[in-house]
Amino acid sequence: MLYILAIICIALMILSLMLLFLGLPGNWIILGLAALWTLVSGTAFGWEFFLPLIGLALAGEAAEFLAGHFGARRFGASGKGSAGGMVGALAGGLVCAPLFFGLGALLGAMAGGFIGCFVVEKGRGAKGAAAARAAFGATLGRFGGFVVKLGIGIGIIWTAAPRIWESIA
């Protein structure tokens, strides 16, 4: 029975990774599943296991947040334009989440980040090309942050899944 539960837990971890595409906290759910496994199986992974993974999940959140900001700044956005990109990404992700079976959240966040930064930069008097360049930087940074966060999620699964499987052997 424990084998079946282990397979289900690992499968849920992999499915939780897909939640990142929806703008949901997939990495935190993966960590929650690992913690749940310790309760279900009676195996204690301990803080030496969880603390580095929690640190990685926090780093993923920071990377996603900061990459959009620094991407926008690198391509010429002002601080306000960068903030507009972050607000636009959040709004776009929320508005578009129901589209394309939830994958609209990622597309909406990218488009919203672009639009938010572009509108703020245009409002500050930037020429169209300069505002578009800054908005492109915000979008590129946001995508880069997402890729880092996805990679961290894969790393968390790569670390947790073998420990789960070993705990039943």
Side-chain angles (χ1 to χ4, degrees), residues 12-35 45 47-161:
L12 286 174
M13 287 179 163
I14 293 168
L15 288 173
S16 296
L17 190 63
M18 299 302 124
L19 293 175
L20 294 175
F21 288 94
L22 306 177
L24 297 172
N27 289 348
W28 296 104
I29 293 171
I30 293 166
L31 285 174
L33 287 166
F45 290 157
W47 286 107
E48 69 281 353
F49 174 76
F50 281 107
L51 279 179
L53 297 182
I54 290 169
L56 280 173
L58 286 171
E61 297 296 333
E64 185 179 37
F65 179 77
L66 293 174
H69 171 73
F70 288 118
R73 295 300 297 253
R74 170 73 176 89
F75 281 77
S78 64
K80 289 180 182 177
S82 176
M86 286 187 231
V87 170
L90 178 63
L94 290 173
V95 168
C96 294
L99 304 176
F100 307 117
F101 305 104
L103 291 178
L106 177 61
L107 300 172
M110 298 297 160
F114 184 92
I115 292 167
C117 184
F118 183 82
V119 167
V120 170
E121 289 300 319
K122 282 295 285 178
R124 295 188 74 244
K127 301 230 185 279
R133 178 175 158 76
F136 174 75
T139 305
L140 188 63
R142 176 99 174 127
F143 182 74
F146 169 77
V147 170
V148 168
K149 190 174 178 180
L150 182 64
I152 286 173
I154 291 168
I156 292 171
I157 293 172
W158 193 270
T159 303

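Values reported hereafter were calculated over all heavy atoms of this structure, with side chains retained and with hydrogens, waters and symmetry mates removed. The first residue in the sequence is number 1, and the count goes up from there.
With sequence neighbours left out, the ring-ring contact (aromatic ring centres under 6.0 Å, His included) criterion links Phe143 to no other residue. Taking Leu17 as the reference, Leu20, Asn27, Ile30, Leu150, Ile154, Ile157 meet the side-chain contact (heavy atoms from CB on, under 4.5 Å) condition, with sequence neighbours excluded.
In this structure, CD1 in Ile152 is found 9.5 Å from CG in Leu58, a value given to the nearest 0.5 Å. Here the CZ atom belonging to Phe118 is positioned 11.5 Å from the OG1 atom belonging to Thr139, to the nearest 0.5 angstrom. For the atom pair CZ (Phe70) and CZ (Phe65), the distance works out to 9.5 Å, reported to the nearest 0.5 Å. The CD atom of Glu64 sits 11.5 Å away from the CE atom of Met86 when rounded to the nearest 0.5 Å. Atoms CG and CG, from Leu99 and Leu107 in turn, are 9.0 Å apart once rounded to the nearest 0.5 Å. Rounded to the nearest 0.5 Å, atoms CG (Leu33) and CD1 (Ile14) are 11.0 Å apart.
With contacts defined as side-chain heavy-atom distances shorter than 4.5 Å, the pair Arg142/Phe114 does not qualify.
Minimum heavy-atom separation, Ala63 to Val148: CB-CG1, 3.7 Å. Closest heavy-atom contact between Pro52 and Trp47: CD-O, 4.0 Å. For the pair Ala160 and Ala34, the tightest heavy-atom approach, listed with the atom from each and the gap, is CB-CB, 4.5 Å. Contact between Gly113 and Ala138 at its shortest, heavy atoms only, is O-CB, 4.2 Å. Minimum interatomic distance between Ile54 and Trp28 (heavy atoms only, all atoms of both residues): O-CH2, 4.0 Å. What you find for Ala77 and Cys117 is that their closest heavy atoms are CB-SG, 3.9 Å.
Applying the side-chain hydrogen bond (donor to acceptor under 3.5 Å, both in side chains) test to pairs two or more places apart or on separate chains, those with a residue in residues 112-131 are Ser78-Glu121, Ser78-Arg124.
Under the 30°/60° scheme for interplanar angles, the aromatic rings of Phe50 and Phe45 are found to be tilted.
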